[in-house]
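Remember, it's 1-based here, ligands and their atoms both numbered in the order they're listed.
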Amino acid sequence: MYQTNFPREFKEGFLWGGATAANQVEGGWNIDEKGLTTAEVVRKAENRTELTFNEVTKESIKDAIADSTDTLYPKRRGVDFYHNYREDIRLFAEMGFKAYRMSIAWARIFPNGDELEPNEAGLAFYDRVFDELAKYNIEPVVTLSHYEMPLALTVKQNGWVSRKTITSFTRYTEVVFKRYRNKVKYWLTFNEINAGTFGFMGTGAVDSALSEDEKLQLRYQALHHQFIASALAVTQGHTINPEFKIGSMLARMQTYPLTPNPVDVRAAQENDNLNLFFTDVQVRGEYPEFMNRYLSEHQVKLVMEPDDEKIIKMGTVDFISFSYYMSTVTSANNAGDKSVGNMLNGEKNPYLETSEWGWQVDPVGLRISLNEMWNRYHVPLFIVENGLGAADQLEADGSVHDEYRINYLREHITQMKEAVKDGVDLMGYTMWGCIDLISASTSEMSKRYGFIYVDQDDDGHGSLKRYKKDSFDWYQHVIDTNGREM
Ligand code: BGP
């Protein structure tokens, strides 16, 4: 039936806000009984394309454990949200945030990942943070594992490669679901679960000495264990509080064929499927057929237990959350072995600008992704990361003129609104890096995302003083008008 009353605006109660992650913002890496995490043994990259999380070895971990400083490992210091959370949350409230996406550091709750009893000091910290958010009616959106896990589980059983890690994870989720059942409604299981195909940062598994085929086998087995853990946590969470809304979280890799040559179009379709495979499993509750072919053609033999299919089918998510920064280009002969920027494989897109870190900026691609994901799944969507990493400059008067970030965000929010008019059910938007923090891929501080500038450099020098950028007031108005005025 042709309708003339399609939605034209973001819905009332749209969850405008910002996003961070414990390992990139908190600091306080070795206080209040917290254990070392996998993020805190990754050193800072020497250049913008070096991915040091891929170079972690058993030896480098031993050296890192012996190092009691934060000099080589920037994620140990973050931007000291651990002590500054009240001021930071007040600034988020001043912008009018409805939601704040954050993560719990598993190693604050279980320092070695599998103790019998949780660490009360860690639980108490997040109680304080959630109570501070509640003062301003800001909804926490909590990621249970955001590019970190207790390092002890890597040392003991190579992270997610071991099926035993599932039990440790669901013990951790049981504790935090119960502790915060009346303070947190929105939960995400694994941040960018597809990053497990990148290795250590996603799986906590050391595999740098293996061949590509061996890595593929190990990583898809680790990912299978994460799918089981995620599904068990969803079922468990719904039992503890039926009001919980628990989502999956995907790094959306929108890609286009290099030419209209059908072989390039097919190659792009395969890359798109390899990206949406993760959401297929977590939303539909089963492995898609194309993946069974892909795994067998790549000699990956997953070890599954008899109940695994039932567990995955039962533990499907309530919504899909995802990050979106850029798009890529696929051709039949590159098949992902070239790198554009520092996180992606692909060819250059001559129609798109590139960020200072080589990411191809593509606002229309966000509308394309929103439509594709809505049409494929028909479950609510939530953009929990979108933003521009840039080398912002603090002026002598304490101002930061980040017009380029306002333009990036305005263009992406404009395309979000188009997708809403296309009929997409969009829950919210938490801009990534609402406060400057440590970069996930390179551990740089100088790759700044925030509405709030933090005075700290790549080597950890600075006052940690916070400054409002020009984008701070701009975003406040966007929220105040529910996206009508940008
Ligand atoms: C995503 C991560 C975030 C965030 C973002 C920006 O992959 O989920 O943690 O860091 O990317 O990436 P980067 O920090 O490498 O610029």
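Taking the centre of each ring, F177 and W187 come in below the 6.0 Å mark. Between Y408 and H412, the ring center distance clears the sub-6.0 Å criterion.
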Show, in sequence, the C-alpha distance, side-chain angles and deciding distance for D280 and Y287, and conclude whether the side chain to side chain donor-acceptor pair (under 3.5 Å) test is met. CA-CA 7 Å; D280 286 349; Y287 277 68; over 6 Å; no
Applying side chain to side chain contact (heavy atoms under 4.5 Å, CB included) to V79 and Q456, what does each step give before you reach the verdict? CA-CA 8 Å; V79 291; Q456 175 174 254; 3.9 Å; yes
Does the pair D455 and Y467 meet the rule for a side chain to side chain donor-acceptor pair (under 3.5 Å), with working shown? CA-CA 8 Å; D455 175 27; Y467 297 85; 5.2 Å; no
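For ligand 1, none of its N or O atoms has an N or O atom of M249 under 3.5 Å away. Between H146 and ligand 1, an N or O atom pair is found at a separation short of 3.5 Å. Considering backbone and side-chain atoms alike, Q24 places an N or O below 3.5 Å from some N or O of ligand 1.
Atoms of ligand 1 lying under 4.0 Å from at least one heavy atom of S439, given by number and element, are 13 (P), 14 (O), 15 (O), 16 (O). Near N191, meaning under 4.0 Å from one of its heavy atoms, ligand 1 places the atoms 8 (O). Numbered from 1 in the order shown, with element, the atoms of ligand 1 that lie under 4.0 Å from a heavy atom of Y449 read 6 (C), 12 (O), 13 (P), 16 (O). Applying the 4.0 Å criterion to heavy atoms of W432 picks out, from ligand 1, the atoms 3 (C), 4 (C), 5 (C), 6 (C), 9 (O), 10 (O). Listed by number with element, the atoms of ligand 1 under 4.0 angstrom from any heavy atom of K447 are 13 (P), 16 (O). Counting atoms of ligand 1 from 1 in the listed order, those under 4.0 Å from a heavy atom of Y147 are 2 (C), 7 (O), 8 (O). Heavy-atom contacts of E385 reach the following atoms of ligand 1: 1 (C), 2 (C), 3 (C), 4 (C), 5 (C), 8 (O), 11 (O) (cutoff under 4.0 Å).
For the pair R108 and F125, the distance from NZ or CZ to the six-membered ring centre is under 6.0 Å and the angle to the ring normal is within 45 degrees.
In terms of heavy atoms, G387 sits closest to Y325 at O-CD2, 3.3 Å.
No side-chain donor-acceptor contact under 3.5 Å links Y453 and D402.
Heavy-atom separations between W359 and ligand 1 include at least one value shorter than 4.0 Å.
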